[in-house]
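Here's the structure, in structure tokens; my notes come after.
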Amino acid sequence: MLKKKFRLKKKYEFQYLYKKGVRLHSASVTLLCAQNKHHTSKFGFVVSKKIGNSVVRNAIKRKLRACIDIFLPNIKSECNCMFIAKDTITQKDFSSLCLEIKGLLQKAGIWYE
RNA sequence: AGAGUUGGUUGGAUGGUUGCGCAACGCCUUGUGCGUUGUGAGGAAAGUCCGAGCAUCACAGAGCAGGGUGCUUGCUAACGGCAAGCGUGGGUAACCAUAGGAAGAGGGCAACAGAAAUAAACCGCCUAAGCCUUACGGCCGGCAAGGAUGGAAAUGUGCGGUAAGAGCGCACACGGAAGCAUGGUGACAUGUUUCUGCUGUAAACUCCACCCGAUGCAAGAUGUGGAAUCGUUAUAACGCUGCUCGCCAGAUUCCCCCAAUCGCUAGAGCGUUAUGGCAACAUAACGUCGAGAUAGAUAACCAUCUUCAAUGACAGAACUCGGCUUACAGGCCAACUCAAAAC
RNA sequence: GCGAGGGUGGCGGAAUGGCAGACGCGCAAGCUUGAGGUGCUUGUAGGAAAAAUUCCUGUGUGGGUUCAAGUCCCAUCUCUCGCA
């Protein structure tokens, strides 16, 4: 699970990403990312009310956080990333979601082996 | 064994590994740190439909308007909740449903159909009295028994009565109102006497009785720099309520900042036992402390046990309680009803 | 968390408790034209029956009040909006 220091918290951070972030899409997730001035990368997760009730939404957020926790050593620092879930995400299981996010990070150019 | 009714209960347990929130303690490299220990969602946490606490708003106040409730007695901090009853309706029954005061305070509405819709005469029935006519019959009239309709046509049956008829009279039945008696705390029930035959609608307005000040933790408290406008002994700008009164000397807007800290969890709390009560519930004693986040923590995997099964339902605290309503895989328990084979 | 408003033909959108679907758009058929457009007329909720026509179901869903409910009351589902 991802610790709090790696998470996006403030509203202005989210607003900045919505305005300036680079958008990349996959089947069930949208990634927005941009450079930041800190030493660490930060991650935010957005799941809208349309996707399901609170139990479903919390479960999706947990899965996404677990995913990033696994990939954290392979991700470049100094980058803010936001993941927006689409409604198709409810049919995905954990392993295929991980592959999808790995592909997105590679597309964004912030992945290194 | 079948069909069914009602109520209650449960919503896995233990251990391990990897993680997350909060609290306490410890460490040193003093911070977006590490370690140890403890603790960490529900029966509905949900819907936000009611009722309270708490907070702010003249001094929390008055009147009007507006809103709510509506059989009785009790319970409760309070309630539109609950319990026990009453009346009415449904069901073979167990049982279920029930916003159930007033239409004699007042107006309003009742489409279409029908002669007529809250009072009547289209068809119909009748020529006894009066007038005309030799007579048949007609005029003047009388009647509301029968008849298309409709949710509703003014109580039903029989006898008398009559020209024809009619609660016009009588008997019985069915209501309604008032009085009295008995039982019950009461709603009401039973009996009886007198009068009486009145359309429905208040979940439309209304009347009657009772209740309600407004806003909600995005309440509010602490802290915080600058600018502008309005007001300052008055008919009070602004605010308290929609309006009127009454009260208040500071108020409003914009920019900046933190989305800071507090509020934030020991409470009408929970469990057991005893006593009182048909019950809801109350009282006493003993024990107990069980989340407090703020982009928002509870998860994943494994093993063992209980189990038909546990991989499985509905579903995630956001100031806190009491209810109501709705969603829900499966399991368990209790009480009762109907039909009837067989014994 | 707190609060407010809506749901009616294929679409938008009316309707005082009284024959549900005004009106507009769209669609279909006919007339007009050499042909098309425009214009005019008629029809158009769904289902069943060969047709005239008849029957049944229809205002998000389920109950209730009423003779009668899109309308009044209760519960519920869903959509939209506001409040720092």
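Per the geometry, CD1 belonging to A/I70 stands 13 Å off C1' belonging to B/A299, to the nearest Å. If you measure from atom CG of A/D69 to atom P of B/U18, you get 14 Å, rounded to the nearest angstrom. Regarding A/R62, its CZ atom lies at a distance of 14 Å from the P atom of B/G21, rounded to whole Å. One atom, CZ of A/F43, and another, C1' of B/A295, lie 15 Å apart when rounded to the nearest Å. Distance A/K61 NZ to B/U298 P: 11 Å, rounded to the nearest Å. Between the NZ atom of A/K42 and the C1' atom of B/U32 there is a distance of 8 Å, given to the nearest Å.
Nucleotide B/G101 carries an anti base; the chi torsion (O4'-C1'-N9-C4 or O4'-C1'-N1-C2) is more than 90° from 0. Here B/A41 is in the syn range [glycosidic angle within 90° of 0]. B/U235: glycosidic angle within 90° of 0, hence syn.
In RNA chain C, runs of at least 3 stacked Watson-Crick or G-U pairs (N1-N3 plus N6-O4 or O6-N4, or N1-O2 plus O6-N3, all under 3.5 Å) give these stems: C:1-7 with C:77-83, C:10-12 with C:23-25, C:26-31 with C:39-44, C:45-49 with C:53-57, C:60-64 with C:72-76.
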* Worked verdict on A/F71 versus A/C98 for side-chain contact (heavy atoms from CB on, under 4.5 Å) -> CA-CA 9 Å; A/F71 293 150; A/C98 280; 4.1 Å; yes
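Between A/S54 and A/G44, the one whose closest nucleotide on RNA chain B sits nearer the 5' end is A/G44. Comparing A/M82 and A/N53 by the nucleotide of RNA chain B whose heavy atom lies nearest to each, the residue mapping closer to the 5' end is A/M82.
B/U326 and B/A268 have their C1' atoms separated by 27 Å, with the value rounded to a whole Å.
At a threshold of 4.0 angstrom between heavy atoms, the contacts of A/N58 include nucleobase atoms, whether or not backbone atoms are also involved.
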Nucleotides 42-45 of chain B: which of its N/O atoms have a protein N/O under 3.5 Å away?
none

